[in-house]
Amino acid sequence: MPHGGSTVLVPRLLERLADEDAVLILTEAAATLPPDGTLLLVEQIRPTDLDDIDATLQHLRLACLFGSGLRSQDEPSALAVRAGLRVRHCDDIGWDHRLWVLERSTGQ
(Lines give C-alpha, C1' and ligand atoms only; values in the text may rest on other atoms or scores of the structure.)
Protein backbone atom coordinates (compact mmCIF):
# COMPACT_ATOMS: atom_id res chain seq x y z
CA MET A 1 0.00 0.00 0.00
CA PRO A 2 1.26 3.49 -0.75
CA HIS A 3 2.30 5.66 2.19
CA GLY A 4 1.95 9.39 2.67
CA GLY A 5 -1.46 10.15 1.20
CA SER A 6 -4.45 11.19 3.20
CA THR A 7 -6.81 9.29 0.88
CA VAL A 8 -6.42 5.77 -0.47
CA LEU A 9 -8.70 4.44 -3.22
CA VAL A 10 -9.31 0.69 -3.35
CA PRO A 11 -11.50 -0.04 -6.40
CA ARG A 12 -12.96 -3.52 -6.97
CA LEU A 13 -10.13 -5.40 -5.32
CA LEU A 14 -12.07 -7.28 -2.69
CA GLU A 15 -14.21 -9.13 -5.22
CA ARG A 16 -11.15 -11.24 -6.08
CA LEU A 17 -10.34 -12.08 -2.46
CA ALA A 18 -11.74 -14.49 0.09
CA ASP A 19 -12.91 -12.84 3.32
CA GLU A 20 -9.70 -13.41 5.31
CA ASP A 21 -7.54 -12.02 2.49
CA ALA A 22 -9.88 -9.04 2.10
CA VAL A 23 -9.57 -8.27 5.82
CA LEU A 24 -5.77 -8.48 5.54
CA ILE A 25 -5.68 -6.02 2.61
CA LEU A 26 -8.01 -3.61 4.40
CA THR A 27 -5.93 -3.88 7.58
CA GLU A 28 -2.77 -3.04 5.63
CA ALA A 29 -4.53 -0.13 3.94
CA ALA A 30 -5.78 1.17 7.29
CA ALA A 31 -2.24 1.04 8.68
CA THR A 32 -1.02 3.40 5.94
CA LEU A 33 -3.64 6.05 6.68
CA PRO A 34 -2.77 9.07 8.80
CA PRO A 35 -5.12 9.54 11.80
CA ASP A 36 -7.43 11.79 9.76
CA GLY A 37 -7.06 9.78 6.52
CA THR A 38 -9.80 8.29 4.39
CA LEU A 39 -10.03 4.97 2.60
CA LEU A 40 -12.43 4.89 -0.33
CA LEU A 41 -13.65 1.42 -1.18
CA VAL A 42 -15.59 0.76 -4.39
CA GLU A 43 -17.13 -2.66 -4.92
CA GLN A 44 -19.82 -4.20 -7.06
CA ILE A 45 -22.48 -5.63 -4.79
CA ARG A 46 -24.70 -8.61 -5.29
CA PRO A 47 -28.01 -7.23 -6.58
CA THR A 48 -31.23 -8.11 -4.85
CA ASP A 49 -32.87 -8.77 -8.25
CA LEU A 50 -32.28 -12.48 -8.77
CA ASP A 51 -33.30 -12.15 -12.43
CA ASP A 52 -30.23 -9.99 -13.22
CA ILE A 53 -28.41 -12.54 -15.38
CA ASP A 54 -25.29 -10.39 -15.89
CA ALA A 55 -24.74 -10.01 -12.15
CA THR A 56 -25.43 -13.69 -11.60
CA LEU A 57 -22.82 -14.62 -14.20
CA GLN A 58 -20.31 -12.20 -12.68
CA HIS A 59 -20.91 -13.72 -9.25
CA LEU A 60 -20.37 -17.25 -10.62
CA ARG A 61 -17.19 -16.19 -12.47
CA LEU A 62 -15.71 -14.68 -9.31
CA ALA A 63 -16.76 -17.67 -7.21
CA CYS A 64 -15.18 -20.13 -9.63
CA LEU A 65 -11.98 -18.15 -10.24
CA PHE A 66 -11.26 -16.74 -6.79
CA GLY A 67 -13.66 -18.38 -4.35
CA SER A 68 -15.19 -15.00 -3.53
CA GLY A 69 -18.17 -13.88 -5.58
CA LEU A 70 -20.14 -10.67 -5.25
CA ARG A 71 -20.89 -9.70 -1.69
CA SER A 72 -24.13 -8.33 -0.29
CA GLN A 73 -24.23 -4.62 0.50
CA ASP A 74 -23.56 -5.33 4.20
CA GLU A 75 -20.62 -7.73 3.83
CA PRO A 76 -17.91 -5.19 2.82
CA SER A 77 -18.86 -3.07 5.84
CA ALA A 78 -18.39 -6.08 8.11
CA LEU A 79 -14.99 -6.82 6.54
CA ALA A 80 -13.94 -3.20 7.07
CA VAL A 81 -14.93 -3.32 10.74
CA ARG A 82 -12.93 -6.53 11.19
CA ALA A 83 -9.95 -4.68 9.66
CA GLY A 84 -10.16 -1.89 12.25
CA LEU A 85 -11.99 0.60 10.08
CA ARG A 86 -15.14 2.58 10.73
CA VAL A 87 -17.71 3.22 8.01
CA ARG A 88 -18.21 6.97 7.81
CA HIS A 89 -20.89 6.52 5.15
CA CYS A 90 -21.64 4.59 1.97
CA ASP A 91 -23.49 5.48 -1.20
CA ASP A 92 -24.78 3.65 -4.23
CA ILE A 93 -22.92 4.96 -7.25
CA GLY A 94 -24.74 3.05 -9.98
CA TRP A 95 -24.57 -0.19 -11.94
CA ASP A 96 -24.67 -2.28 -8.74
CA HIS A 97 -21.61 -0.49 -7.35
CA ARG A 98 -21.28 1.07 -3.92
CA LEU A 99 -18.76 3.48 -2.42
CA TRP A 100 -17.71 3.11 1.22
CA VAL A 101 -15.96 6.02 2.90
CA LEU A 102 -13.89 4.50 5.67
CA GLU A 103 -11.62 5.80 8.40
CA ARG A 104 -9.49 4.19 11.07
CA SER A 105 -11.36 3.28 14.22
CA THR A 106 -10.58 5.50 17.18
CA GLY A 107 -8.82 2.61 18.92
CA GLN A 108 -6.18 2.41 16.17
Side-chain angles (χ1 to χ4, degrees):
M1 289 293 169
H3 287 274
S6 62
T7 303
V8 174
L9 173 64
V10 180
R12 294 190 62 178
L13 175 65
L14 301 187
E15 68 188 20
R16 293 178 179 89
L17 301 171
D19 287 353
E20 294 306 315
D21 294 328
V23 169
L24 178 63
I25 290 291
L26 290 173
T27 301
E28 290 176 359
T32 67
L33 290 175
D36 62 342
T38 302
L39 191 145
L40 302 174
L41 177 66
V42 177
E43 290 293 325
Q44 182 178 4
I45 58 170
R46 188 171 54 237
T48 55
D49 179 7
L50 299 177
D51 292 331
D52 185 342
I53 191 67
D54 292 328
T56 301
L57 287 174
Q58 177 68 355
H59 176 71
L60 289 173
R61 285 184 199 108
L62 292 168
C64 290
L65 288 171
F66 306 109
S68 55
L70 297 176
R71 292 178 171 93
S72 72
Q73 56 187 334
D74 296 327
E75 289 172 314
S77 295
L79 294 173
V81 169
R82 285 177 52 195
L85 293 161
R86 186 180 77 79
V87 178
R88 197 179 306 156
H89 64 86
C90 58
D91 296 301
D92 291 326
I93 56 175
W95 295 89
D96 297 325
H97 285 75
R98 181 167 269 204
L99 167 72
W100 284 263
V101 179
L102 307 168
E103 61 191 7
R104 289 172 34 182
S105 293
T106 55
Q108 299 241 333

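Position 1 is the first residue of the sequence, and the numbers go up from there. What you see is a predicted model, and the numbers here were worked out from it, not measured in a lab.
- Leu14 is not connected to Val81 by any chain of hydrophobic side-chain contacts under 4.5 Å among Ile, Leu, Val, Met, Phe, Trp and Tyr, and they are in different clusters.
- The shortest heavy-atom contact between Ala83 and Ala30 is O-CB, 4.2 Å.
- Residues Leu9, Leu40, Ile93, Leu99, Val101 make up the rest of the hydrophobic cluster containing Val42, defined by ILVMFWY side-chain heavy atoms closer than 4.5 Å, directly or through other members.
- For the salt bridge (charged side-chain N to carboxylate O under 4.0 Å, His left out) condition, the pairs that include at least one residue of residues 75-84, sequence neighbours left out, are Glu20-Arg82, Arg46-Glu75.
- For Glu103, the side chain to side chain donor-acceptor pair (under 3.5 Å) partners two or more places apart in sequence, or in a different chain, are Arg86, Arg88.
- For the pair Thr38 (side chain) and Thr7 (backbone), a donor-acceptor distance under 3.5 Å is absent.
- Applying the salt bridge (charged side-chain N to carboxylate O under 4.0 Å, His left out) rule to pairs touching residues 54-72 yields Asp19-Arg71, sequence neighbours excluded.
- No side-chain donor-acceptor contact under 3.5 Å links Glu43 to the backbone of Pro76.
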Passes side-chain contact (heavy atoms from CB on, under 4.5 Å), Glu28 versus Thr32? Steps please. CA-CA 7 Å; Glu28 290 176 359; Thr32 67; 5.9 Å; no

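- One finds the CG atom of Leu85 at 6.5 Å from the OG atom of Ser105 (value rounded to the nearest 0.5 Å).
- In terms of modelled atom types and a separation under 3.5 Å, the side chain of Arg104 and the main chain of Leu33 share a donor-acceptor contact.
- Distance OG/Ser77 to CG/Leu102: 7.5 Å, rounded to 0.5 Å.
- For Arg12, the salt bridge (Lys or Arg N to Asp or Glu O under 4.0 Å) test picks out Glu15, with sequence neighbours left out.
- In this structure, the separation between CD on Gln58 and CD on Gln44 is 5.0 Å, given to the nearest 0.5 Å.
- Pairing each heavy atom of Pro34 with each of Ser6, the nearest pair is CG-CA, 3.9 Å.
- Residues Leu17 and Leu79 share a hydrophobic cluster, clusters being chains of Ile/Leu/Val/Met/Phe/Trp/Tyr side chains in contact below 4.5 Å.
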